[in-house]
Amino acid sequence: MLQEPLSRAIHLARWVALAVLVGIISGVLSAAFIESLNWATDTRNANDWIVFTLPIAGLLVGASYHYLGRGLERGSNLLVDQIHSHSEWIPFRLTPLIFAASVVSHLAGGSTGREGAALQLAAGATDPISRRLGLDPADRSIMLITAIAGGFGSVFGVPFAGAVFALEVQRIGRVRYEALVPAFVASFVGNAVVIALGVDHTHYPQIVGDSFSGPTIFKVIIFGLIAGLIALAFIRLTHLIKDTMKKYVSWYPARPMIGGIVLVVLIVACGWRDYQGLSIPLLVNAMEGATSGRFEVKLLLTAITIGTGFVGGEVIPLFIIGALAGATFANLIGANIALFAIVGSVAVLAGAANTPLACAILGIELFGGNGAILFGVVCVAAYATSGHTGIYHAQKIIAHKSGELRS
């Protein structure tokens, strides 16, 4: 009578132990990564001339992946793909490669993020552990999901959303509940490690008050539908740039170098320095009621940066695109700019990543529970209009957004 409960307890304890290990590794890497990107941002802001090194930075990043990481340029899609296919092991060299290339991309001024890189940092450091332990494909999938949770939760400072994101992101239409416990443990441990090391996450304004009128919710739904289309536009433009570069530029290192040249011209000629790197000030200003930022500029520069081969990730740029789009929409209709900037940030990300549940929870963790209803409806609306292709094209479609199951 005790054999089955004892077996389950041992199985659970094993996964908790592995998840704690993944969380510690993820937290240490995320803390070092956050501090490195802060240094890169401060250095770039103090030296305007650094923007002119973008072509050189692009060449360095492209050459690093071409000669040291062939195949690893797939980025986070490599992780999602291996959760499903198990066709190759993720090498440890991905961790130092994505770390260094991301810092170089940010230092020079590419419009890129950090969350996607954090997922790869964690997976590159933990998949070799799975290989050494001889995990079978099913258990290896759980370990990769656990690494995604640890990386996302720790670098963003959202342990709840980090776990749900990892469970939701690899399949459109299904959540991987078999990885529930290790994902949550890794995400919370990773975030705790970052805090224990004294590294601060970005602090965002909170939504005050919990009485939202029917007209406000209706306007939020309308904007959510628009946010999904904005996400789709970003995805299509990024893929167009990638396909164009692949078709006409055969030598991979030349692609980000050309992208760097285009970025320098646009940033300097148009005065778009505020859109370099993470662009956190633009995000916070929009959430405090300012309308000085233009979402289409951030969208264009990010699509060029990612599409030509710079690395880092799309999550924070999409977050900012959504906030600026929300502020613009609110300004046009005479609504609360700060409120729409906040809900816009999670909406565009939900549409682009196909993770409405995780992004609704993300909004609650970052901006407070008073906006829970708005985060829910805006993320669902954006998810509905963004199509089945996202920033993670390796996602498997288990169920169409219309409700039709895939065979």
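Basis for what follows: all heavy atoms, side chains included, without hydrogens, waters or symmetry-related copies. Here, residue 1 is the first one in the sequence, and each next residue gets the next number.
- Of the possible donor and acceptor atoms, none in the side chain of Ser386 sits under 3.5 Å from a partner among the backbone N and O of Leu232.
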Side chains of residues 37-61: which donor-acceptor pairs under 3.5 Å do they make with residues two or more places apart or in other chains?
residue, atom, partner, partner atom, Å
Asn38, ND2, Ile34, O, 3.3
Trp39, NE1, Thr43, OG1, 3.3
Thr41, OG1, Leu37, O, 2.9
Thr43, OG1, Trp39, O, 2.8
Arg44, NH1, His106, O, 2.5
Asn45, ND2, Thr41, O, 3.2
Asn47, ND2, Thr43, O, 2.8
Thr53, OG1, Ile50, O, 2.6

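- Taking CG of Leu301 as the start and CH2 of Trp272 as the end, the distance is 6.0 Å to the nearest 0.5 Å.
- Note on Glu88 versus Arg74: salt bridge recorded, some NZ/NE/NH1/NH2 to OD/OE distance being below 4.0 Å.
- If you check the side chains of Ser111 and Gln276, you find no donor sitting under 3.5 Å from an acceptor.
- Scanning both residues, Ala19 and Pro182, for their nearest heavy atoms gives CB-O, 3.4 Å.
- More than 12 non-hydrogen atoms from other residues, nucleotides or ligands lie less than 6.0 angstrom from CZ of Arg14.
- For Ser187 (side chain) and Ala183 (main-chain N/O), no donor-acceptor pair under 3.5 Å exists by modelled atom type.
- Listed for the Asn285 side chain is no donor-acceptor partner under 3.5 Å among the backbone atoms of Ala290.
- Ring planes of Phe188 and Phe160: tilted class, angle from 30 to 60°.
- Of all heavy-atom pairs spanning Tyr392 and Ser76, the tightest one is CE2-CB, 3.6 Å.
- Between Arg140 and Ser130, the closest heavy-atom pair is CG-CB, 4.2 Å.
- Looking at heavy atoms from C-beta onward, Arg176 lies in side-chain contact with Ile83 at the 4.5 angstrom threshold.
- Heavy-atom neighbours of Leu229 CG from other residues, nucleotides or ligands within 6.0 Å: above the threshold of 12.
- Looking at Leu300 and Leu237, their side chains come closer than 4.5 Å, going by heavy atoms from C-beta outward.
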side-chain hydrogen bond (donor to acceptor under 3.5 Å, both in side chains), that's the test. Do Gln120 and Thr95 meet it? Break it down for me. CA-CA 7 Å; Gln120 297 169 59; Thr95 296; over 6 Å; no

Intermediate values then yes/no, side-chain contact (heavy atoms from CB on, under 4.5 Å), Arg114 and Ser30: CA-CA 9 Å; Arg114 63 189 177 199; Ser30 290; over 6 Å; no

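- For Arg131, the CZ atom sits in a loose shell: 12 or fewer heavy atoms of surrounding residues, nucleotides or ligands are nearer than 6.0 Å.
- Looking at Ile129 and Leu21, their side chains come closer than 4.5 Å, going by heavy atoms from C-beta outward.
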Test side-chain contact (heavy atoms from CB on, under 4.5 Å) on Leu79 and Ile148 and set out the steps. CA-CA 8 Å; Leu79 280 57; Ile148 291 174; 4.0 Å; yes

Could you list the donor-acceptor pairs under 3.5 angstrom formed between side-chain atoms of residues 335-352 and any protein atom two or more places apart in sequence or on another chain?
residue, atom, partner, partner atom, Å
Asn336, OD1, Ala338, N, 3.1
Asn336, OD1, Leu339, N, 3.0
Ser345, OG, Ile342, O, 2.6

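- Closest approach of Thr328 and Gly293 over heavy atoms only: OG1-O, 4.3 Å.
- Between the Arg93 side chain and the Leu68 main chain, a donor and an acceptor come within less than 3.5 Å of each other.
- Listed for the Lys298 side chain is no donor-acceptor partner under 3.5 Å among the backbone atoms of Pro317.
- The minimum heavy-atom distance between Ala117 and Ser102, with the atom names listed, is CB-OG, 3.5 Å.
- Between the side chain of Thr302 and the backbone N or O of Thr112 there is no donor-acceptor pair closer than 3.5 Å.
- The side-chain hydrogen bond (donor to acceptor under 3.5 Å, both in side chains) test with Gln395 singles out one residue from Thr389, Thr355, Asp81, Asn354, and that residue is Asn354.
- Taking the side chain as every heavy atom from C-beta outward, Phe33 and Val199 never approach each other to under 4.5 Å.
- Contact of the Trp15 side chain with the Val181 side chain is not registered, since no non-hydrogen atoms from C-beta on lie closer than 4.5 Å.
- Two residues are said to be in side-chain contact when any heavy atoms from C-beta on lie closer than 4.5 Å; Thr305 and Ser105 fail this criterion.
- Thr308 contributes atom OG1, which lies 6.0 Å from atom CG of Leu263 (distance to the nearest 0.5 angstrom).
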Determine, step by step, whether Ile222 and Phe329 satisfy the side-chain contact (heavy atoms from CB on, under 4.5 Å) criterion, reporting the C-alpha distance in whole Å, the side-chain angles of both residues, the deciding distance to 0.1 Å, and the verdict. CA-CA 10 Å; Ile222 295 300; Phe329 177 81; 4.3 Å; yes

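- The distance from the OG atom of Ser154 to the CZ atom of Phe152 is 10.0 Å, given to the nearest 0.5 Å.
- In this structure, the side chain of Glu314 does not engage the main chain of Ile306 through any donor-acceptor pair within 3.5 Å.
- Looking at Thr238, its side chain never comes within 3.5 Å of a backbone N or O of Gly307 through a donor-acceptor pair.
- Remark: the backbone N or O of Arg294 is paired with a side-chain donor or acceptor of Tyr275 at under 3.5 angstrom.
- Using a 4.5 Å heavy-atom cutoff, the side chains of Leu278 and Thr202 are not in contact.
- Summarising the geometry of Ala179 relative to Ile145, their closest heavy-atom pair is CB-CG2, 3.9 Å, with the distance given to 0.1 Å.
- Remark: Phe319 CZ to Phe156 CZ distance equals 4.5 Å, nearest 0.5 Å.
- Tyr252 OH to Met245 CE: the interatomic distance, rounded to the nearest 0.5 Å, is 10.0 Å.
- Between the CG atom of Leu282 and the CG atom of Leu324 there is a distance of 6.0 Å, given to the nearest 0.5 Å.
- Panel note: side chain Asn370, backbone Val208; no donor-acceptor pair is recorded below 3.5 Å.
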Let me see the working for Glu115 and Ile316 under side-chain contact (heavy atoms from CB on, under 4.5 Å), right down to the final yes or no. CA-CA 7 Å; Glu115 280 65 28; Ile316 283 290; 2.9 Å; yes

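- Side chains of Arg171 and His84 form a contact here, defined as non-hydrogen atoms less than 4.5 Å apart.
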